Amino acid sequence: MENINQLLQVRREKLEKVRKLGINPYPNRCKRTHKIGELIEKKDKFLESGEKIIIAGRLNAMRRQGKVGFGNVSDDTGKIQIFVRKDNVGEENYEIFKLFDLGDFMQIEGDCFVTRMGEYSVRASMVTMLGKTLLPLPVVKEKVVDGKVERYDEFHDIELRYRKRYLDLLLNPEVKDTFVTRSKMIKSMRDFLDARGFVEVETPILQPLYGGANARPFVSHHNTLDVDLYLRIALELYLKRLIVGGIERVYEIGKNFRNEGMDRTHNPEFSMIELYQSYADINDMMELTEDMVLHIAKEVLGTEVIDFLGTEIQLKKPWCRAAMLDLIKEETGFDAADFDFVKIKAFCTEHEIEIEPTAGPGKLIEEIFGVFVEPKLIQPTFVIDFPKEVSPLAKEKPGNPLLTERFELFINGNEYGNAFTELNDPLDQRQRLEAQSKLREMGDAEANVVDEDFLEALEYGMPPTGGLGIGIDRLVMLFTGNTSIKEVILFPQMKPEE
RNA sequence: GGGCCUGUAACUCAGUGGCAGAGUAUCUGACUUUUAAUCAGAGAGUCGAUGGUUCGAAUCCAUCCAGGCUCACCA
């Protein structure tokens, strides 16, 4: 406490000194002519021409040496050494230079040159304060050893990094890289869909009913209407209304909210893309998924093979397609194709798989799959033929009333996407939602509710449609080599302090 | 929610019952080509919080708070 006061005190005093010199430490204008990256990129040109340039950035290192000082200044394109000499900037300006602290924003007017030690630098003819910082930034020092950057005293306390993400971004360059990659991926996804005639839309986040997934919602309240509203748990039901409305290809990229546990692949709010394509089915969705992910990988990473922490993930088409029941049989030798509840239950008990009171054979099959098969699906795999019982929005598989035309995409043992040949039979859909509703009454808090408005829309007619949802955060994790979802969400959910 | 682990200076960390420590950062002094600058000196702490054991607690015990990993939960 005393200590931070002391550190604060010093900076505030310097701030006052700057003001006393008649200088505004937070000026309205700056005069940057070049970004640092440009100086580095066209080094020869700037060295040859000796032209006047003005850069601006944060001061992140300072080596003062009496009447001369070397600093490192960085902007979002790079970092460069500055050289400030009393004889060059003049006595008055040098006094100002002395009032800079690490972290302050600085404008440097000068020209490029190479120091005696061979470092490409900017020789200042004038420095200007663009903004004084009052709190000291943690200091991370770097040294190049054998061409590799070694960093000292890195800012890596995980809690601090997430709570003060601005510091994390400033001090850990790879963190910024992750979020830049994320941005590029989403842009690339948009480009891909836009080029195929998809229309991007925004649907309500505050909804009078929630649906489209099995999950518990967050509840809020609208004062004027005096009604409870739910934060959406999926985008599905509103996007299908738009398919009914004749937007034949539609997508939305947005946040979903699920009031459930958090771990390294779950955050209460997370980003999804959902897309729906009229006159298409599950097979079209598989091809589209392959094409889209491959497109993003090529565009953003420039590769078809991802190296995920040493595991090679091959994205080249076609990806594996396998039926859930076949995979279970392969992995365990257990054949559940007859949906014999007693038999399946016995298998679960034998393998200590928890059986929820509302679970039927389909739910148990999914559980068995989750335990025995999921973690083994490392290369991209479309798992198809889901039990109808756990797929209330998917169309039945022709020839087998117990299964649906649905896939989930698995990579690296995690689920990345979910798609159906969408159920467009309004009467069937009503029955399925009502069955879900019964499960709710029996205590399944994650079962769907009956959305009459959605059912009415279906009665007006939804064309045959293929739909797909992909978890964006997880895809970013895959592309950036992160094992925690918190690393790809700028401000992940944390418990409030105190 | 269970198990394991972590919390000490602004940052990174040592310290396992006997005076609260180091490096960096900060401050003072020296230094007109340094680059983890260097050299000399100084200041800086509610040892996560509360309670207990003890002559004595950062250290042992209990509870709580925050975080991490993991299991459970979770499309």
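These numbers come from the heavy atoms of this one structure, side chains and all, not from hydrogens, waters or symmetry mates. Below, chain A is the first sequence line, B the second, and so on; all start at residue 1. Because the structure is a prediction, the values reported are computed rather than measured.
B/A30 and B/A66: their C1' atoms are spaced 45 Å apart (whole Å). The same atom, P, is picked in B/U53 and in B/U59; the two are 15 Å apart, to the nearest Å. B/A36 and B/A25 have their P atoms separated by 12 Å, given to the nearest Å. The separation of B/G23 from B/C19, taken at their C1' atoms, amounts to 22 Å, rounded to a whole angstrom. Nucleotides B/U46 and B/G41 place their C1' atoms 29 Å apart, quoted to the nearest Å. Rounded to whole Å, the separation between the C1' atoms of B/G17 and B/C74 comes to 46 Å. When the C1' atom is compared between B/C60 and B/U16, the two are found 9 Å apart, to the nearest whole Å. Taking atom C1' in both B/C65 and B/U26, one finds a spacing of 31 Å when rounded to whole Å.
Under 3.5 Å, the side chain of A/Arg116 and the base of B/U33 form no donor-acceptor pair of N or O atoms. Counting atom types as modelled, A/Asn214 pairs no side-chain N or O with a base atom of B/C74 as donor and acceptor under 3.5 Å.
Of all nucleotides present, only B/G29 satisfies the Watson-Crick or G-U wobble test against B/C39, with each distance under 3.5 Å. The base-pairing partner of B/U24, taking Watson-Crick or G-U wobble contacts with both distances under 3.5 Å, is B/A10. Across all strands shown, B/C69 forms a Watson-Crick or G-U wobble pair with B/G3, both key distances being under 3.5 Å. For B/C64, the paired base is B/G48 (Watson-Crick or G-U wobble, both distances below 3.5 Å).
Between the CD atom of A/Glu487 and the P atom of B/G67 there is a distance of 15 Å, given to the nearest Å. Atom NE2 of A/His266 and atom C1' of B/C71 are 14 Å apart (whole Å). Taking atom CD of residue A/Glu236 and atom C1' of nucleotide B/A75, one finds them 12 Å apart after rounding to whole Å. Summarising the geometry, the separation between CG on A/Asp101 and P on B/U26 is reported as 7 Å, rounded to the nearest angstrom. The distance between atom CZ of A/Arg123 and atom P of B/U35, rounded to the nearest whole Å, is 19 Å. Following rounding to the nearest Å, A/Arg163 (CZ) and B/A66 (P) show an atom-to-atom distance of 9 Å. Between the CZ atom of A/Arg63 and the P atom of B/A25 there is a distance of 11 Å, rounded to whole Å. The nearest whole Å value for the distance from the CG atom in A/Leu8 to the C1' atom in B/C27 is 15 Å.
By the 6.0 Å contact criterion, NZ on A/Lys397 is open, its count of non-hydrogen atoms from other residues, nucleotides or ligands being 12 or less. With a 6.0 Å radius and a threshold of 12 heavy atoms from other residues, nucleotides or ligands, A/Arg216 has its CZ atom at or below the threshold.
The listed nucleotides are B/A75, B/U26, B/C74; the one nearest the side chain of A/Leu102 is B/U26. Closest to the A/Lys14 side chain, of the nucleotides B/U34, B/U26, B/A72, is B/U26. Of the listed nucleotides (B/G68, B/U33, B/U70), B/U70 has the atom at the smallest distance from the side chain of A/Arg264. Set against B/C73, B/A66, B/U33, the side chain of A/Lys495 has B/A66 as its closest nucleotide. Of the candidates B/A44, B/C69, B/A66, B/C69 carries the atom nearest the A/Ser484 side chain, counting heavy atoms from C-beta on. With B/U33, B/A75, B/G43 as the choices, the nucleotide that has an atom nearest any side-chain atom of A/Gln65 turns out to be B/U33. Closest approach to the A/Asp157 side chain among B/U12, B/U33, B/A72 is made by B/U12 (side chain taken as heavy atoms from C-beta onward). Checking B/U34, B/C73, B/A36 against every side-chain atom of A/Met117, the shortest atom distance belongs to B/U34. In this structure, the nucleotide among B/A72, B/A75, B/C31 sitting nearest to the side chain of A/Arg406 is B/A75. Listed nucleotides: B/A66, B/U34, B/A75. Nearest to the side chain of A/Thr115: B/U34.
No contact: A/Glu150 has no heavy atom under 4.0 Å from any strand. Nucleic acid contact for A/Val140: none, since no nucleic acid atom lies under 4.0 Å from a heavy atom of the residue. Here A/Glu119 lies in heavy-atom contact (under 4.0 Å) with a base. Using a 4.0 Å heavy-atom cutoff across all strands shown, A/Leu137 reaches no nucleic acid atom at all. Using a 4.0 Å heavy-atom distance criterion, A/Glu366 is classed as making no nucleic acid contact. As judged by a 4.0 angstrom heavy-atom cut-off over every strand, A/Arg258 is placed among residues touching the sugar-phosphate backbone only. A/Lys79 comes within 4.0 angstrom of nothing in the nucleic acid, heavy atoms only.
In this structure, a donor-acceptor pair under 3.5 Å is present between the side chains of A/Asn214 and A/Asn448.
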side-chain hydrogen bond (donor to acceptor under 3.5 Å, both in side chains) between A/Ser125 and A/Arg85, worked out: CA-CA 8 Å; A/Ser125 55; A/Arg85 191 164 70 161; over 6 Å; no
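Side-chain atoms of A/Arg58 and A/Leu170, non-hydrogen and from C-beta on, do get closer than 4.5 Å to each other.
Nearest-nucleotide positions on RNA chain B for A/Phe113 and A/Asn418 put A/Phe113 closer to the 5' end. Toward the 5' end of RNA chain B, the nearer of the two residues A/Phe420 and A/Gln81, judged by each one's closest nucleotide, is A/Gln81.
Dashed line: the shortest gap from a side-chain N or O of A/Lys67 to OP1 or OP2 of B/A30 is not under 4.0 Å. Residue A/Lys141 has a polar side-chain atom (N or O) positioned under 4.0 Å from OP1 or OP2 of B/A25. Between A/His156 and B/C13, a side-chain N or O to OP1/OP2 separation shorter than 4.0 Å is present.
Ring centroid separation for the pair A/Phe270 and A/His266 does not come in under the 6.0 Å cut-off. Ring centroids of A/Tyr276 and A/Phe420 are separated by 6.0 Å or more, keeping the two rings apart.
In this pair, A/Phe70 does not lay its aromatic ring on the base of B/A37; centres under 5.5 Å and planes under 30 degrees do not both hold.
Note on ring orientation: taking the six-membered ring where Trp is involved, the planes of A/Phe347 and A/Phe334 are parallel (angle under 30°, cut-offs 30° and 60°). Between A/Phe83 and A/Phe113, the ring-plane angle classifies as tilted under the 30° and 60° cut-offs.
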